[in-house]
Amino acid sequence: MTTTKQCIEMEDRYGAHNYKPLNVVLTKGAGIWVEDVEGKKYMDFLAAYSAVNQGHCHPRLVKVLQEQSARLALTSRAFRNDQLPFLAKELCDLTGYEMMLPMNSGGEAVETAIKAARKWCYKVKGVEKDKAEIIVCSGNFHGRTTTIISFSTDEQYKDGFGPLTPGFAVIPYGDVEAFRKAVNPNTAAFLVEPIQGESGVVVPTEGFLKECAEICHKNRVLFVADEIQSGLGRTGKLFAFQHENIRPDMVIIGKALSGGMYPVSAVVASREILGVFNPGDHGSTYGGNPIACAVAREALKIIIEEKLPERSAKLGEYLIKKLRTIQSPYVDFYRGKGLWIGIVLKKSAGGARRFCEALQEKGILAKETHETVIRIAPPLIIKKAELDWAFERIREVLSK
Ligand SMILES: *Cc1c(COP(=O)(O)O)cnc(C)c1O
């Protein structure tokens with residue numbers, strides 16, 4: 001029998017140590033539950049960073065994956081397939097944008113948005129060659145490629161990986177005046193997470209996104225929303241930018257676009273923006289493959305048909321109210337939107353990791369972000385009674 005100890009030793013010996021996972025080795029998943037190699041069950045309160053909003057191994061996604069993989073898996077974009085056109089249309093219909101470009105990982109979709117924004121800036125806005133600038137926010141997380149870490153404000157992400165890509169300016173997250181000052185005639189785009197996930201579920205001050213969107217509009221700067229983690233229902237709306245009634249010029253989607261079944265990401269935008277790409281400008285061997293497209297089509301249908309954004313809004317409000325009743329010597333405050341809650345601990349609490357380990361003991365898997373925040377993000381199919389079950393355990397861990 002495979003044991004936890006055996007798996008951890010083997011992985012640590014042969015796998016690079018670029019993560020520090022909880023010491024739980026999972027072998028099965030169904031809905032909100034996962035099971036480790038010793039047969040212990042856990043409620044998943046991370047949902048693979050919101051990739052598994054639809055729940056683990058959703059039967060409809062399993063079926064589509066099985067059927068499509070047996071029929072046609074990969075054509076490359078050298079040939080066309082009969083799934084991509086339908087995903088493209090359905091995603092545009094759902095989001096109200098004119099065009100989409102499919103990729104695999106979130107990082108690749110962010111890279112795609114950066115390339116589109118730069119090319120748009122030169123070819124449409126008319127900025128001088130190599131002068132385009134993109135404004136980003138402190139505390140951002142947009143992925144791990146060399147260009148993307150170039151504008152991270154987390155020193156560890158960059159340390160040892162230079163020389164870095166130029167062309168990015170950083171403003172404090174939530175600071176409209178800093179944004180206004182940073183915009184200049186060479187500004188191509190503002191790339192922003194409507195709510196910062198990896199930073200610890202940080203919700204910007206109300207009006208920040210809306211005012212920045214207006215400044216963008218006046219100055220012909222593209223507003224680019226990275227909704228890879230915040231989108232597709234997590235915050236109680238299909239997209240987090242809808243909380244401020246804005247319409248970004250470009251939206252980056254990933255994670256739950258496949259319900260955790262397969263790596264699928266995409267960028268959606270107007271024809272004026274995505275139309276800048278000509279054959280040969282950009283691409284990916286696996287991007288837009290038939291399995292990815294078939295799975296994503298079904299994953300989107302599940303989000304709508306199972307009313308995941310509505311569930312998230314209702315259950316998130318229910319849970320955060322309950323959490324706020326906990327008498328805890330460790331908690332500073334709670335923040336979030338929908339079923340996406342950051343439990344921010346006091347400095348004196350001694351870090352979030354030990355609380356996550358205590359939750360693991362009690363059968364809940366959650367992960368700390370930035371040392372002092374416990375992120376709550378279960379699959380959005382979770383039921384109220386299951387949240388109550390989890391709440392009791394969270395209460396015990398936080399009040400003891
Ligand atoms: C996860 C994430 C990414 C990167 O996605 P990968 O699939 O890990 O490359 C980018 N932006 C945000 C906001 C994310 O949460």
Side-chain angles (χ1 to χ4, degrees), residues 16 18-21 46-53 101-117 134-154 157-158 161 165 168 170 173 189-204 209 223-235 237-241 243 248 250-268 284 286-289 292 295-296 299 336-342 367-370 373 375-377 379-380:
N18 57 325
Y19 277 94
K20 192 184 170 215
L46 178 66
Y49 302 94
S50 296
V52 190
N53 286 356
L101 195 156
M103 282 278 147
N104 312 286
S105 69
E108 284 173 300
V110 173
E111 289 276 353
T112 300
I114 291 170
K115 286 174 78 174
I134 293 175
I135 300 172
V136 299
C137 292
S138 58
N140 72 71
F141 182 85
H142 297 286
R144 297 293 202 160
T145 67
T146 317
T147 286
I148 293 170
I149 55 125
S150 295
F151 55 83
S152 171
T153 53
D154 187 324
Y157 288 7
K158 298 187 279 194
F161 302 125
T165 308
F168 298 93
V170 185
Y173 191 52
F190 177 43
L191 170 62
V192 63
E193 296 156 87
I195 292 176
Q196 290 185 334
E198 291 318 291
S199 231
V201 197
V202 183
V203 184
L209 298 173
F223 189 106
V224 183
D226 181 346
E227 290 267 7
I228 291 172
Q229 193 165 159
S230 57
L232 301 180
R234 176 51 62 186
T235 69
K237 302 248 186 213
L238 187 63
F239 293 110
F241 64 73
H243 291 288
M250 191 154 34
V251 183
I252 311 168
I253 311 165
K255 295 200 167 108
L257 182 53
S258 71
M261 193 53 67
Y262 199 85
V264 191
S265 65
V267 169
V268 294
S284 158
Y286 277 83
N289 75 72
V295 168
K337 270 217 164 77
L339 263 181
W340 206 24
I341 298 168
K367 187 78 168 68
E368 77 277 8
T369 79
H370 282 256
V373 184
R375 168 174 27 198
I376 300 283
L380 302 179

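Numbering of ligands and ligand atoms starts at 1, following listing order.
Per-residue contacts place Gly107 under 4.0 angstrom from the following atoms of ligand 1 (heavy atoms of the residue considered): 4 (C), 5 (O), 6 (P), 9 (O). Atoms of ligand 1 found under 4.0 Å from any heavy atom of His142, numbered from 1 in the order shown, are 10 (C), 11 (N). The ligand atoms of ligand 1 that sit less than 4.0 angstrom from a heavy atom of Asp226 are 10 (C), 11 (N), 12 (C), 13 (C).
Protein non-hydrogen atoms do not reach within 4.0 Å of atom 8 (O) of ligand 1.
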Item to check | Chi angles and distances behind the side chain to side chain donor-acceptor pair (under 3.5 Å) call for Ser50, Arg234 | outcome: CA-CA 7 Å; Ser50 296; Arg234 176 51 62 186; 2.9 Å; yes

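Inter-residue side-chain proximity for Thr147 and Glu111 is flagged as met; some heavy-atom pair is nearer than 4.5 Å. Between Asn140 and Glu193, some side-chain heavy-atom pair lies under the 4.5 Å cut-off.
One side chain, Thr235 or His243, offers a donor N or O that lies under 3.5 Å from an acceptor on the other. With no hydrogens or angles considered, no side-chain donor-acceptor pair links Gln196 and Gln229 at under 3.5 Å.
The closest protein non-hydrogen atom to atom 5 (O) of ligand 1 is Gly106 CA, 3.3 Å.
Under the 4.0 angstrom criterion for non-hydrogen atoms, Glu193 is in contact with ligand 1. Taking 4.0 Å as the cut-off, Lys255 counts as a neighbour of ligand 1 on heavy-atom distance. Assignment of Tyr49 to the shell around ligand 1 is not supported, since no heavy atom sits closer than 4.0 Å.
Counting heavy atoms closer than 4.0 Å to ligand 1, residue Glu198 contributes nothing at all.
Under the 30°/60° scheme for interplanar angles, the aromatic rings of Tyr157 and Phe141 are found to stand perpendicular. Below 30°, between 30° and 60°, or above 60°: for His142 and Phe151 the angle between ring planes is between 30° and 60°, a tilted geometry.
For the pair Ile228 and ligand 1, the shortest N or O to N or O distance does not fall below 3.5 Å.
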